[in-house]
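Taking it in order: structure first as C-alpha cells, then the write-up.
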Amino acid sequence: MAVAEKIKSIAQAPEKEYYLPGHRTCAGCGPALAYKLIAKAAGKNTIFIGPTGCMYVANTSYACGPWAVPWTHAQITNGGAVASGIAEAFKMMIKKGKIQDEYPNIIVMAGDGAAVDIGLQAASAMMYRGHDVLFVMYDNESYANTGVQVSPMTPYGGATMFTPPGPVIPEGKKFFPKDPMALFCGGGHPAVKYGATASVAYPIDLMNKVRKALAYEGPAFLHVQCPCPKGWMFPSDRTVELGKLAVETGMWHMYEIENGVKTFNITPKKLKPVDEFVQTQGRFSHLKPEHVARLQAWVNERAQHLGVEAVLPSVK
Ligand SMILES: Cc1ncc(C[n+]2csc(CCOP(=O)(O)OP(=O)(O)O)c2C)c(N)n1
Ligand code: SF4
C-alpha cells in the first residue's frame, strides 16, 4: 500500500475530502467524523467495504452515498471475507498483468457488532490468513442502526433497548466489554503487525495511525472510539468533548502495538474519576453509587493491566 507522510498539525492535514457532505447520519455522529478523517488520511487510491450498520445505512439512505472513492456493501457477518476477496483479486490481476493499477488501500469500516460480535469470525479469518487489508472498527458501543441494542462493546452499566435497567438487573448491562486489541493484536493473529486504538477526539493521531496501518503490508487493525449522541444520550455538540473525557477518565486508552511492542500515545498523568464521564450521558443516568464504584474498579484494573502509568482515582 502507498506510504503517505506523517501529518504534523491540522494546518498540514490534506484539504481534499473523500467522504463528502450529504448523508443521513445524526447531527454530531462520531462514526461519520471517523469516516471523514479516515478517508482523508487514506486518500484517492482507496476502496471501502461497509458491513451493515449505521455507516452503511445512514450514509446510503437512499440509493446514494458520500464516498468519492469506490465503496461496496458487505453483510454484517462477512466484512473480513469480502475484503479478503477484493484484496486477492487485486493481487492476482496485478501479478498477471491484467491491470496496471497500483494496489489500493482496502479498508473495512465495521461497527462494533460487525467487528467483534456477528462479524468476528470473518474478521479473525482475514487477519489470520494475512490479507493486505486495514480493518477499522468504528466503536459506538452498541448496535446503533437497529435502535441501540447492547453489543460486546457496550460498557458495564450501559442502558440499551436489550439491557434496560430494572428491579432484577438495576445496572442495565451487567457484563464488561471485550478487549479487541488483545483479541486481534495480542499474539493470536501472528500476521497482524500493527494495531492501534484511536479516537475521533484526536484527529491527527487518528489520521497518522491510518497511514501507518496502511503502510504495513498485511492485515492491520484500528479500534476507533466514536461517541454516538443517540446511543449514549448526550447533546450532539459534545461528541469531541466526550471523546476527550473518555481518555481523561481512563474509559478509553490511546496506544498502538507495533511488532508486539506497545506504545502509549496520549496518556493523562492522573485519571479523573469515571463518574465525571458517567454524569454526561443518559445511558448511565440510572446508575447508583455502587455501580459507579464497580465501573471505577474495572477502569483502575484495566489501566494497571495495560501498564498505564497514571495516578488512579480511589474506588469509593
Ligand atoms: C445477519 C444480520 N443480522 C442482523 C442484521 C440487522 N442489523 C442491521 S444493522 C445492525 C446493527 C449493526 O451494529 P454495528 O455493527 O455495531 O454498527 P452500528 O449500527 O452501531 O453502526 C443489525 C443488527 C443484519 N443486517 N444482518
Ligand atoms: S445512531 Fe449513532 S452511529 Fe448511528 S448515525 Fe446516529 S450518531 Fe451516528
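Computed over heavy atoms, backbone and side chain alike; hydrogens, waters and symmetry mates excluded. Just so you know, ligand 1 is whichever comes first in the structure, and atom 1 is the first atom listed for that ligand.
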**Message:** Going by a strict under-4.0 Å cutoff (protein heavy atoms only), does atom 11 (C) of ligand 1 have a neighbour on the protein?
**Reply:** yes
Tested for ring pair (Phe, Tyr, Trp, His ring centres under 6.0 Å) against Trp71, the lone hit among Phe48, Tyr56, Tyr19 is Tyr56
Here the gap from Asp112 atom CG to Thr154 atom OG1, rounded to the nearest 0.5 Å, amounts to 6.5 Å
Rounded to the nearest 0.5 angstrom, the CD-OH distance for Glu217 and Tyr103 is 8.5 Å
Note: heavy atom closest to atom 9 (S) of ligand 1, options Asn145, Thr77, Thr25, belongs to Asn145
| said: Please confirm whether Ala32 approaches ligand 2 to less than 4.0 Å, judged on its heavy atoms. | reply: no
Filtering Thr52, Asp117, Asp139 for the heavy atom nearest atom 8 (C) of ligand 1 leaves Thr52
Under 4.0 Å between heavy atoms, the region of Ile76 that gets near ligand 1 turns out to be side chain
So for Cys26 against ligand 2, with non-hydrogen atoms under 4.0 Å, the contacting part is both
When rounded to the nearest 0.5 Å, the distance separating CD1 of Ile38 from CD1 of Ile107 is 7.0 Å
Asn140 heavy atoms within 4.0 Å reach ligand 1 at atoms 18 (P), 20 (O), 21 (O)
If we number the atoms of ligand 1 from 1 as shown, the ones under 4.0 Å from a heavy atom of Ala114 are 15 (O)
Heavy-atom gap Asn140 to ligand 2 smaller than 4.0 Å | yes
One finds that the ligand 1 atoms under 4.0 Å from a non-hydrogen atom of Tyr138 are 17 (O), 18 (P), 21 (O)
A student checking ligand 2 against Pro31 at a 4.0 Å heavy-atom cut-off should list atoms 3 (S)
**Backbone or side-chain N/O/S of Cys29 under 2.8 Å of atom 2 (Fe) of ligand 2** = no
Note: Pro51, heavy atoms under 4.0 Å from ligand 1, region reported as neither
If we number the atoms of ligand 2 from 1 as shown, the ones under 4.0 Å from a heavy atom of Cys54 are 1 (S), 3 (S), 4 (Fe), 5 (S)
Ligand 2 to Pro229, heavy atom cutoff 4.0 Å, flagged ligand atoms 7 (S)
